[in-house]
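The basis for the numbers below is simple: all heavy atoms, side chains too, and nothing from hydrogens, waters or symmetry mates.
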Amino acid sequence: MTDVRDPRVQDALRQACDELGLPLTYRGCVHPLLRDPEGEWPQCCGGGCYPCAQTLVDVAVRTLQLLGTPRTSPV
């Protein structure tokens with residue numbers, strides 16, 4: 001389980017948000033994914049939601065990569 005309060009995690013999350021264009025105000029939406037990195041993650045519903053679940057997943061995947069702990073379960 002990733003501690004989302006860890007400064008390293010916050011830095012990686014900030015960088016992933018910047019790289020993928022997710023406003024930092026939505027980073028809290030990524031926290032549940034980081035807390036359960038191998039759990040079941042949401043999929044895009046095609047409903048035009050913002051932020052899209054796929055964007056949140058992409059940011060979480062990139063954050064984990066930056067931390068050196070990439071997700072091993074399929075997304």
Selection [range] - residue pairs positive for ring-ring contact (aromatic ring centres under 6.0 Å, His included), sequence neighbours left out:
range          : result
residues 52-75 : none
residues 53-74 : none
residues 17-71 : Tyr26-Tyr50

Enumerate the residue pairs fulfilling salt bridge (Lys or Arg N to Asp or Glu O under 4.0 Å) with a member in [range], sequence neighbours excluded, ordered by first and then second residue.
range          : result
residues 39-57 : none
residues 48-61 : none
residues 42-56 : none
residues 64-75 : none

For residues [X] and [Y], report the shortest heavy-atom separation together with the two atoms involved.
X     : Y     : value
Leu34 : Ala60 : CD2-O, 3.8 Å
Gly28 : Pro32 : O-CD, 3.4 Å
Ala53 : Cys44 : CB-N, 4.2 Å

Report the distance from atom CG of Leu33 to atom CG of Leu64, rounding to the nearest 0.5 Å. 9.0 Å
Would you sort out whether Thr55 and Leu20 count as a side chain to side chain contact (heavy atoms under 4.5 Å, CB included), showing the intermediate values? CA-CA 8 Å; Thr55 301; Leu20 296 166; 5.6 Å; no
Note, Pro42 side chain near Leu56 side chain (heavy atom, < 4.5 Å):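 No. Closest side-chain heavy atoms not under 4.5 Å.
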Using a 4.5 Å cut-off on heavy atoms from C-beta on, say whether the side chain of Arg8 contacts that of Leu67. yes
With [X] via side-chain hydrogen bond (donor to acceptor under 3.5 Å, both in side chains) - residues at least two apart:
X     : result
Arg14 : Asp11
Thr72 : Glu38
Glu19 : Gln15, Arg62

Is Leu66 reachable from Leu13 through a run of hydrophobic residues whose side-chain heavy atoms are each under 4.5 Å from the next?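 Leu13 does not cluster with Leu66.
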For the backbone of Ala16 and the side chain of Thr63, can you confirm whether one donor and one acceptor N or O come within less than 3.5 Å of each other? no
For Val4, is there any backbone N or O sitting under 3.5 Å from a side-chain donor or acceptor partner on Gln10?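 Yes, because the side chain of Gln10 sits within donor-acceptor range (under 3.5 Å) of the backbone of Val4.
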Those residues that, when tested against Asp3, pass salt bridge (Lys or Arg N to Asp or Glu O under 4.0 Å) (two or more places apart): Arg5
Residues sharing Leu24's hydrophobic cluster, by side-chain heavy-atom contacts under 4.5 Å among ILVMFWY, directly or via others? none
